[in-house]
A.B. asks: 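Sharing a structure here in structure tokens format.
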Amino acid sequence: MAKISQLAKMSSREVVNPVKRSTMMAEVIARERILVYRMVQEETDIIKHFSHPHALREYKFQERHRIVCDACELDLLGEAYGCAKCDFHLHKSCFEAPRELEHGGHPKHTLKLLSRTPYPAGRVICNGCGEENRGFDYHCACCNYDLHIDCAHLPKVMKRDDHRHTLALYYSFPYFQYSGEEYCDVCRNSIDKRRWVYGCRQCKYWCHSDCIFREAISLSEDDEDEDEDDKREVNIRTTAWLVHEMSSKLRLK
């Protein structure tokens, strides 16, 4: 917006390279099309967050685009904070996430919220879902225990339409000593017994913690369907969004 204002104020007597002017305008227009958000605060307001050196502005994202939150790595929609200069953004719920957390998955120590990896090698694996975490990390320095910001706020009980009983969240597989292979009743992939699962002990129904909102895969499904990979990718992103929405509501209570 600053560039547009600057260009608009240029007098006709100023000599401007036409190519440079065209490039500047193209950059600004492209940027505005990508961001599609509107400011909802005065320029004098200053909002700070521990994870970023600059003051942040409050925004309202009116459409979902591939502009992601630096904390949870999901698309931005609705209220958010950001630094346009650095292309840094946070969901409102991620912005307000507590800096310290007592969690049942790791009752020994308090988890601290970090904006960067604590490991020299850089790679962080979430102890909840087992997936890599490139965003904010709830971390225990004593035990090298880590959680995604959304995994840390998963509900303790959930209900799925394809099962009649309530599913409880277990921080490791309940029958860990059982040597047989166990499979997720939603995605049909094997379960890592070190990771979190939702389950019903009565019916031996289990699903990965990150499959709780996902649509169940039919046993009769054709694995060679050309569109299957695209369908699963959409399913995974939708699931991640639902997990984020659920954890956000619990986080803000």
A.B. asks: Hey, what do you get for NE2 (His103) to NZ (Lys108), rounding to the nearest 0.5 Å?
C.D. replies: 16.0 Å
A.B. asks: Do you know the tightest heavy-atom contact between Thr117 and Gly122?
C.D. replies: OG1-O, 3.3 Å
A.B. asks: Please report the interatomic distance OH(Tyr81) to SG(Cys69), rounded to the nearest 0.5 Å.
C.D. replies: 12.5 Å
A.B. asks: For Ser209 and Arg195, run side-chain contact (heavy atoms from CB on, under 4.5 Å): C-alpha distance rounded to whole Å, both residues' side-chain angles, the deciding distance at 0.1 Å, then the answer.
C.D. replies: CA-CA 8 Å; Ser209 61; Arg195 307 304 181 192; over 6 Å; no
A.B. asks: With a 3.5 Å distance limit and no angle check, can you tell me whether Glu73 reaches the backbone of Arg134 through a side-chain donor-acceptor pair?
C.D. replies: yes
A.B. asks: Just checking, any donor-acceptor pair under 3.5 angstrom between side chains of Tyr171 and Asn127?
C.D. replies: no
A.B. asks: Please find the pair of heavy atoms, one from Tyr198 and one from Val157, that lie closest to each other, and give the distance.
C.D. replies: CE2-C, 4.5 Å
A.B. asks: For the side chain of His91 and the backbone of Ser93, is there at least one donor-acceptor N/O pair under 3.5 Å apart?
C.D. replies: no
A.B. asks: Can you tell me how far apart NE2 (His139) and NZ (Lys112) are? Round to the nearest 0.5 Å.
C.D. replies: 10.0 Å
A.B. asks: Could you tell me whether a side-chain N or O of His52 sits under 3.5 Å from a main-chain N or O of Gly82, the two making a donor and an acceptor?
C.D. replies: no
A.B. asks: Taking all non-hydrogen atoms of both residues into account, name the closest pair between Trp196 and Cys151 and its distance.
C.D. replies: CZ3-O, 3.2 Å
A.B. asks: Tell me whether Ile212 is reachable from Tyr183 by hopping between hydrophobic residues (I, L, V, M, F, W, Y) whose side-chain heavy atoms are closer than 4.5 Å.
C.D. replies: no
A.B. asks: Shared ILVMFWY cluster between Tyr145 and Leu169, side chains joined below 4.5 angstrom?
C.D. replies: yes
A.B. asks: How close do Gly130 and Ile125 get, heavy atom to heavy atom, and via which atoms?
C.D. replies: O-CG2, 3.5 Å
A.B. asks: Are Leu90 and His49 close enough that some pair of their side-chain heavy atoms sits under 4.5 Å apart?
C.D. replies: yes
A.B. asks: Taking Lys159 for its side chain and Arg164 for its backbone only, find out whether a donor-acceptor pair lies under 3.5 Å.
C.D. replies: yes
A.B. asks: Apply side-chain contact (heavy atoms from CB on, under 4.5 Å) to the pair Tyr119 and Asn144, showing each step before the final yes or no.
C.D. replies: CA-CA 9 Å; Tyr119 305 112; Asn144 287 342; 3.5 Å; yes
A.B. asks: Flag yes if Phe50 and Leu147 sit in one hydrophobic cluster, no otherwise; membership is Ile, Leu, Val, Met, Phe, Trp, Tyr, and two members link when side-chain heavy atoms are under 4.5 Å apart.
C.D. replies: yes
A.B. asks: Please tell me if the side chains of His89 and Asp87 come closer than 4.5 Å, counting only heavy atoms from C-beta onward.
C.D. replies: yes
A.B. asks: State, with a plain yes or no, whether a side-chain heavy atom of Ile149 is found less than 4.5 Å away from one of Cys94.
C.D. replies: yes
A.B. asks: Measuring only between side-chain heavy atoms, which start at C-beta, is Asn133 closer than 4.5 Å to Arg123?
C.D. replies: no
A.B. asks: Which of these passes side-chain contact (heavy atoms from CB on, under 4.5 Å) with Cys140: Leu111, Asp146, Thr110?
C.D. replies: Leu111
A.B. asks: Please walk me through it: do Arg160 and Tyr205 pass side-chain hydrogen bond (donor to acceptor under 3.5 Å, both in side chains)?
C.D. replies: CA-CA 11 Å; Arg160 280 183 58 88; Tyr205 177 101; 3.1 Å; yes
A.B. asks: For Gly78, is there any backbone N or O sitting under 3.5 Å from a side-chain donor or acceptor partner on Lys92?
C.D. replies: no
A.B. asks: To the closest 0.5 Å, what do you measure between SG (Cys207) and CG (Asn189)?
C.D. replies: 12.5 Å
A.B. asks: Which atom names give the shortest non-hydrogen contact between Ala152 and Tyr138, and what distance separates them?
C.D. replies: CB-CD1, 3.6 Å
A.B. asks: To check you understand the geometry: which heavy-atom pair defines the closest contact between Cys211 and Val186, and what is its length?
C.D. replies: O-CG1, 3.8 Å
A.B. asks: Taking the side chain as every heavy atom from C-beta outward, state whether Ser190 and Glu182 have any atom pair closer than 4.5 Å.
C.D. replies: no
A.B. asks: Could you please spell out the steps behind the side-chain contact (heavy atoms from CB on, under 4.5 Å) verdict for Cys129 and His208?
C.D. replies: CA-CA 7 Å; Cys129 66; His208 297 111; over 6 Å; no
A.B. asks: Does the side chain of Arg201 come within less than 4.5 Å of Trp206's, by heavy atoms?
C.D. replies: yes
A.B. asks: Mind telling me whether His106 and His109 have parallel, tilted or perpendicular rings, with 30° and 60° as the class edges?
C.D. replies: tilted
A.B. asks: Side chains of Glu131 and Cys126: closer than 4.5 Å at any heavy-atom pair?
C.D. replies: no
A.B. asks: Any side-chain heavy atom of Asp75 sitting closer than 4.5 Å to one from Ile67?
C.D. replies: no
A.B. asks: Where do His163 and Cys200 land on the side-chain contact (heavy atoms from CB on, under 4.5 Å) test, with the steps shown first?
C.D. replies: CA-CA 9 Å; His163 192 75; Cys200 171; 3.4 Å; yes
A.B. asks: Please answer: with hydrophobic residues joined when any side-chain heavy atoms are less than 4.5 Å apart, are Phe136 and Val124 in the same cluster?
C.D. replies: no
